[in-house]
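Labels below follow one simple rule: chain letters A, B, ... track the order of the sequence lines, proteins then strands, and each chain is numbered from 1. These numbers were taken from a predicted model, which means no experiment stands behind them. Atoms considered below: every heavy atom in the structure, side chains included; atoms not considered: hydrogens, waters and symmetry mates.
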There are 2 protein chains.
Amino acid sequence: MALAEAILVCLTDRPMSGYDLAKTFDASIGFFWRASHQQVYRELARLRDKGLVDSREIEQSGRPNRIIHTITDAGEGVVHIWSQKPCRVPSVKDELLVKLYALDNVDIPVLREQLDIRLDQHRAKLAAYFRIKEKFYDGKSLNRAQKGKLIALTMGISNESEMVKTLGNAITMLGEIDA
Amino acid sequence: MALAEAILVCLTDRPMSGYDLAKTFDASIGFFWRASHQQVYRELARLRDKGLVDSREIEQSGRPNRIIHTITDAGEGVVHIWSQKPCRVPSVKDELLVKLYALDNVDIPVLREQLDIRLDQHRAKLAAYFRIKEKFYDGKSLNRAQKGKLIALTMGISNESEMVKTLGNAITMLGEIDA
DNA sequence: AACCTATATGCACATAATTGCATGATATTT
DNA sequence: AAATATCATGCAATTATGTGCATATAGGTT
């Protein structure tokens, strides 16, 4: 699983609590690898057991104590080995495309609405990507780590704007059926 | 899970054996929803238990008997209900993007190779889609079911050609680092 | 003769992901 | 005053997915 590696990668940047990581997986790295907070906490426990992170509790008053996780040398080794290994092809699983594939068994107006919803989701993501790009990358001088993130972000922007275009076409094509 | 529904959808077209379905999930519907043959057989057993498919063994000589699965009325009901329900957003999980995100912890030439491999995979998929489009859809008069499949295929083609373009850019951007 | 591919089904085990719940304080909004 | 959001952790149960193996025959390849 690459969830372990995704977490370790986040921790190379700075030590973090599970809560911080969960938020990171709701944005930034979460754009490329989704994970829920339960997944993150469970994986952190495993990483701790394997000695890939060093976890220490910080006393807090008024709210639960935080547990700060720091990547160990062994953890950095794991990241390095992972980075050399070939990438798995992301497995496709898209209900919307299955429904188009199954158009004969589907109510067209309902499907059209679902396409509209999906279109909005992609537009929202695209807007979010643009905000991040403007705020953190445009007109700034970037180090290597930032350049990498910018490349990933740029790919995200291309994909999302392509999806917006493609979904528009699909909606048009759907409208032409029985018209 | 929508694997059940994807299988049922395939069976609305014609009754099939698990083997036939597994092959279908290696191509056509598999472009939109990936599943291995083990997943298919397991899910078929469940569908049979729930009475959503009707399974009967066909005697064969020289090779194992086939079990032909036919969708039942209950199965068609399930497909209909599913088609009305909102689609889940496909969850992103792409190691390659994580590696770009983590560029500081990655060896650039190695990553470049991985990007090249991915580029080839997308080119191959794009070529496959074009072959299917030419063979089954171009210049043909299409019924509603075929039009739906064509819309899905067209989206696939857009996505793949976008990915080819985007990966090219990413490789260029990566080449400009430390150059 | 040994090996590979296609046909055809499926079990067992392991790993991963989702869903729902539980706790409990403080701060902000309606 | 009540409801919601933020902070912060995690268990338990279920569902989904992946890996490896098992079986058995026909036909073609090296």
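The interatomic distance linking B/Gln38 (CD) with C/dC11 (C1') rounds to 10 Å, in whole Å. Nucleotide C/dG24 holds its C1' atom 12 Å from the CG atom of A/Asn65, rounded to whole Å. Atom P of nucleotide C/dT7 and atom CG of B/Asp26 are separated by 12 Å, given to the nearest angstrom. Between B/Arg56 atom CZ and C/dT9 atom P the separation is 16 Å, expressed in whole Å. As rounded to whole Å, 14 Å separates atom C1' of D/dT17 from atom CZ of B/Arg34. Between the C1' atom of D/dC7 and the CD1 atom of A/Ile58 lies a distance of 15 Å, rounded to the nearest Å. Atom CG of B/Leu44 is separated from atom P of C/dA8 by 14 Å (rounded to the nearest Å). Across the protein-nucleic acid pair, B/Glu43 atom CD and D/dT15 atom C1' stand 10 Å apart, rounded to whole Å.
For C/dT7, the OP1/OP2 oxygens have a side-chain nitrogen or oxygen of B/Tyr19 closer than 4.0 Å. Side-chain nitrogen and oxygen atoms of A/Tyr41 include none within less than 4.0 Å of the OP1 or OP2 phosphate oxygen of D/dG10. In this structure, A/Lys93 does not reach the D/dA16 phosphate: none of its side-chain N or O atoms is under 4.0 Å from OP1 or OP2. Residue A/Arg46 has no polar side-chain atom (N or O) positioned under 4.0 Å from OP1 or OP2 of C/dT15.
Classification of B/Asp54 and B/Arg56 as a salt-bridged pair holds, one side-chain N sitting under 4.0 Å from a carboxylate O.
A/Ser91 comes within 4.0 angstrom of nothing in the nucleic acid, heavy atoms only.
Each of D/dT17, C/dA17, C/dT7 was ranked by its minimum atom distance to the side chain of A/Leu3; first place goes to C/dA17. In this structure, the nucleotide among D/dG10, D/dA8, C/dT18 sitting nearest to the side chain of A/Arg48 is D/dG10. Here C/dT9 is the nucleotide among C/dT9, D/dA8, C/dT7 with the atom lying nearest to any side-chain atom of B/His37. Taking every side-chain heavy atom of A/Gln39 into account, C/dA17 is the closest of C/dA17, D/dT19, C/dT9. Distance from the side chain of A/Ser36 is smallest for C/dT18 among the nucleotides C/dT18, C/dT9, D/dA8.
Rounding to the nearest 0.5 Å places NZ of A/Lys135 at 9.5 Å from NZ of A/Lys140.
Here the two rings, on B/Phe31 and A/Tyr101, have centers that are 6.0 Å apart or farther.
Looking at B/Arg42, its side chain has no donor and acceptor atom pair within 3.5 Å of the base of D/dT15.
Counting heavy atoms of neighbouring residues, nucleotides and ligands inside a 6.0 Å radius, atom OH of A/Tyr137 exceeds 12 of them.
A donor-acceptor pair shorter than 3.5 Å cannot be found between the side chains of B/Thr166 and B/Asn169.
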